[in-house]
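Here the structure is laid out as structure tokens; the discussion comes afterwards.
For this chain, numbers begin at 1 and follow the sequence in order.
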Amino acid sequence: MEMRAVLVYAFLAGFIGPCRGTLMTCDEVREVFQLKQIGPVKSLPETPRTGSDLQVCLSKNVTCCTKKMEERYQVAARRDIQNLLQTSSSSLKFLISRNVATFQETVDSLVRQAENHTHTVLLHTYRDLASPVAAPVGEFFTDVGLFVLGSELSLEEASQRFFDALFPLVYERLVEPGLSRLSPAYAECVRAACRDLVPYGGAPGRLATHISRASLPGRVFLQALHLGIEVINTTDHIQLSRECRRGLLRMSYCPHCQGLTASKPCMGYCLNVVRGCLASLAEVDAHWREFVRSLETLSTRMHGAQDLEQVLLGVHGLVRDAVAHAQRNGPRLSAQVHKVCGNPSREQEQVSSVQHNRDSIPLKAAGRHTEDTLSNWRRDFLSSLRLYRTFYGGLADLLCVSDLGSADGMACWNGAEVDKGYTLRVVGNGIKAQAENPEVKVKEADPVINQVIDKLKHINQLLQGRSIPKLGTLDQIETGSGDGYSGDCDDEDGCWGSGNGAAERRRIVTILTPENTNNHRYHHPQTKDFDQTSSGTGGTRSVPLALVSICVFGLLSG
């Protein structure tokens, strides 16, 4: 009878001992250590030992941890939290990245459709112009597409260059038509004289102004999306303080040292640790909410003169009217051209006919559907983005509820032992709330996150039309730049960013760097004045580009 009692006691002790934290073996600890690839297992103790050398995972009982294991566990805890951050933000990051690509594709399709409309109008109205003018039309719309997507090329220069290239053809076939074409030298003289002769009235300046005004909201919108990706990338890789790393270690892996490899932290305990670690990210919340609201506000303003689709698809009408203006002023232009270039010099070979079959003009297929409009894209995107407007405010809670914390009513790790609850005060989110945090001491906000917040403040000002940038300094808030930005912005700072995300952008990568601006298509607008030609006059007025930007954003802000 006494022997049976001894066996029962020994049997029960095998179960009761581990529940009280009395370790008999470290086999399970070694197995989990190896399974999670925390480090090599050869240095792990075979049996429990005293933990006199431990710094964080302190225990009155014996332990399976060594100081080296504690260091490995701390690295694993940091890796785990960063993996969770990246997993939690992956759908938001994908949403924004996908829509950056969609915006670029929609703009490209829209520009090609506007180019086709211009060809078609020239074909039907001025049939003799349509085929030879294809090259300058194509080059102009390529420049337009680059400008809309953030390039700093001079749009007024691109417009003037397009009309300059058009003038020899207009002169040869509409002003002084002949049986043979102008000689190359005479055609070049006519082209060079175009700006002095002002054959199109104010059309070149009006075209540049209309497209620029309609493009600016889209450029800011695209820049904002790139900045949104930068915010996510930065917060995904937040630098964790020493206090935070020790808190994560104590919460996630210190129970392993006592053989409690399957335990989870109590919910209140988890919230204190993770809210302390992510206190700086919680400060992003208010500015991220405003970011989403500001994108919605800007979208509602993109109509009328600021509707890029409407403006681009109306370019053909302005080009047609500009050619008509030159044709009506044919006698004056002939006299002026003769004075500058002499009598027309034509090639020897005869052209049998200057008429062209309509079918000989190859027009690119537009390939657009009614649902592919920019307004529809913005509506769908903003509807999805709205679901993430509280992302940063609830991030710590999301991690604890979804992945880290124990369900209510379950036995859980409270930082010292496995019990049924956590009795200390649970603090709120944000830096100020951490003053009372019993688990993680937070001294100040992360300076890198403060920079992100400054950039969000600035982009929100731009989205709301409250800050007037200079178009020549689009790199100061560029995605991924991380420096060159002070956080304060006024009219003299030039804070407009290009949003050039290199990984996401297909078309504008290195062509806009200072080393590559020798090409005539990439003039830096900061060195140019906006030449606005008055219709019906022979002179020009020079208006600073910054002043035009002020006027544009005055309209934008209503």
Fill in: Reported CG-to-CZ distance for the pair Leu312 and Arg112, which is rounded to 0.5 angstrom
10.5 Å
Discussion item. Quick check: do His303 and Glu309 have side-chain heavy atoms less than 4.5 Å from each other?
Written reply: no
Practice prompt. Look at the side chain of Tyr392 and the backbone N and O of His287, then say whether any donor-acceptor pair between them is shorter than 3.5 Å.
Written response: no
Practice prompt. Decide yes or no on side-chain contact (heavy atoms from CB on, under 4.5 Å) for Gln223 and Leu462, but give the supporting numbers first.
Written response: CA-CA 10 Å; Gln223 174 198 344; Leu462 292 184; 4.0 Å; yes
Worksheet item: Below 4.5 Å, heavy atoms only, C-beta onward: do Val284 and Phe291 meet side chain to side chain?
Response: no
Discussion item. Nearest 0.5 Å, please: how far is CD in Gln310 from CE in Met302?
Written reply: 12.5 Å
Worksheet item: side chain to side chain contact (heavy atoms under 4.5 Å, CB included) with Leu85: which of Ile232, Thr235, Leu278?
Response: Leu278
Discussion item. Before you tell me yes or no, could you show the steps for Leu225 and Phe381 under side-chain contact (heavy atoms from CB on, under 4.5 Å), namely the whole-Å CA-CA distance, both residues' side-chain angles and the distance that decides it to 0.1 Å?
Written reply: CA-CA 11 Å; Leu225 298 191; Phe381 166 65; 3.5 Å; yes
Worksheet item: Between the side chain of Arg301 and the main-chain N/O of Gln306, is any donor-acceptor distance below 3.5 Å?
Response: no
Discussion item. Could you walk me through whether Arg378 and Ser299 satisfy the side-chain hydrogen bond (donor to acceptor under 3.5 Å, both in side chains) test, starting with their C-alpha distance in whole Å, then the side-chain angles of each, then the deciding distance to 0.1 Å, before giving a yes or no?
Written reply: CA-CA 7 Å; Arg378 290 195 307 271; Ser299 181; 3.0 Å; yes
Response to the item:
Heavy atoms of Val190 and Pro168 approach each other most closely as CG1-CA, 3.9 Å
Worksheet item: Minimum heavy-atom separation for Val311 to Ala214, with atom names?
Response: CG2-CB, 3.6 Å
Discussion item. Closer than 3.5 angstrom, by distance alone: can the side chain of Ser109 be matched with the main-chain N or O of Glu105 as a donor-acceptor pair?
Written reply: no
Discussion item. Between Asp143 and Arg161, is the salt bridge (charged side-chain N to carboxylate O under 4.0 Å, His left out) condition met? List the steps.
Written reply: CA-CA 11 Å; Asp143 285 342; Arg161 194 166 58 248; 2.9 Å; yes
Worksheet item: Under 3.5 Å, is there a donor-acceptor pair between the side chain of Ser97 and the main chain of Lys93?
Response: yes
Worksheet item: Hey, does Val319 have a side-chain heavy atom less than 4.5 Å from the side chain of Val121?
Response: no
Fill in: Sidechain-backbone polar pair: Ser280 side chain, Asp446 backbone, donor-acceptor under 3.5 Å
yes
Worksheet item: Can you tell if the side chain of His210 reaches within under 4.5 Å of the side chain of Leu318, non-hydrogen atoms only?
Response: yes
Worksheet entry | pair Pro177-Arg173: side-chain heavy atoms closer than 4.5 Å | no
Practice prompt. Kindly indicate whether the side chain of His119, heavy atoms from C-beta on, has any atom under 4.5 Å from the side chain of Leu123.
Written response: no
Worksheet item: So does Glu157 pair up with Arg195, basic N to acidic O under 4.0 Å?
Response: yes
Practice prompt. Under the side-chain contact (heavy atoms from CB on, under 4.5 Å) rule, what do Leu313 and His117 come out as? Steps first, then yes or no, please.
Written response: CA-CA 7 Å; Leu313 295 181; His117 281 186; 4.0 Å; yes
Fill in: Residue of the set Val144, Thr209, Leu207 for which side chain to side chain contact (heavy atoms under 4.5 Å, CB included) holds with Ser159
Leu207
Fill in: Nearest heavy atoms of Lys455 and Leu227, plus distance in Å
O-CD2, 3.5 Å
Worksheet entry | Heavy-atom check, side chain of Val315 versus side chain of Phe141, under 4.5 Å | yes
Discussion item. Checking Gln104 against Leu149 for the side-chain contact (heavy atoms from CB on, under 4.5 Å) test, could you report, in this order, the C-alpha distance in whole Å, the side-chain angles of both residues, the deciding distance, and whether it holds?
Written reply: CA-CA 7 Å; Gln104 293 172 345; Leu149 293 178; 3.8 Å; yes
Practice prompt. Look only at the side chain of Ser90 and the backbone of Thr87, and say whether a donor-acceptor pair between them is shorter than 3.5 Å.
Written response: yes
Item to complete: Could you tell me whether Glu188 and Arg191 make a salt bridge, using a distance below 4.0 angstrom between a side-chain N and a carboxylate O?
Response: yes
Worksheet item: Any donor-acceptor pair under 3.5 Å linking the side chain of Glu172 with the backbone of Leu182?
Response: yes
Discussion item. If you define the side chain from C-beta out and look only at heavy atoms, does anything of Leu166 sit under 4.5 Å from Pro136?
Written reply: no
Worksheet entry | Value rounded to 0.5 Å, distance of CG in Asp454 from CD1 in Ile449 | 11.5 Å
Worksheet entry | Approximate separation, where rounding is to 0.5 Å, of Leu382 CG and Trp377 CH2 | 7.5 Å
Worksheet item: Between atom CG of Asp307 and atom CG of Leu374, what is the distance when rounded to the nearest 0.5 Å?
Response: 8.0 Å
Worksheet item: Okay, side chain of Thr373, backbone of Asn376: is any donor-acceptor separation there less than 3.5 Å?
Response: yes
Response to the item:
Nearest heavy-atom approach of Leu95 to Asn99 is O-ND2, 2.7 Å
Indicate every side-chain donor-acceptor pair of residues 384-391 with a distance under 3.5 Å to a residue at least two apart or in another chain.
residue, atom, partner, partner atom, Å
Ser384, OG, Asp380, O, 3.3
Arg386, NE, Glu296, OE2, 2.5
Arg386, NH2, Glu296, OE2, 2.9
Tyr388, OH, Ser91, OG, 3.0
Arg389, NH1, Arg386, O, 2.7

Response to the item:
In this structure, CD of Glu115 is separated from OG1 of Thr142 (nearest 0.5 Å) by 6.5 Å
Item to complete: Could you tell me how the ring of Phe167 sits relative to the ring of Tyr200: parallel (under 30°), tilted (30 to 60°) or perpendicular (over 60°)?
Response: perpendicular
Worksheet item: Can you tell me if Thr300 uses its side chain to pair, donor with acceptor, with the backbone of Thr297 under 3.5 Å?
Response: yes
Practice prompt. Identify the heavy atoms of Ala445 and Asn450 that sit nearest to each other, and give their distance.
Written response: CB-OD1, 3.7 Å
Discussion item. Looking at every heavy atom in both Ala326 and Leu333, which two are closest together, and how far apart are they?
Written reply: O-CD1, 3.4 Å
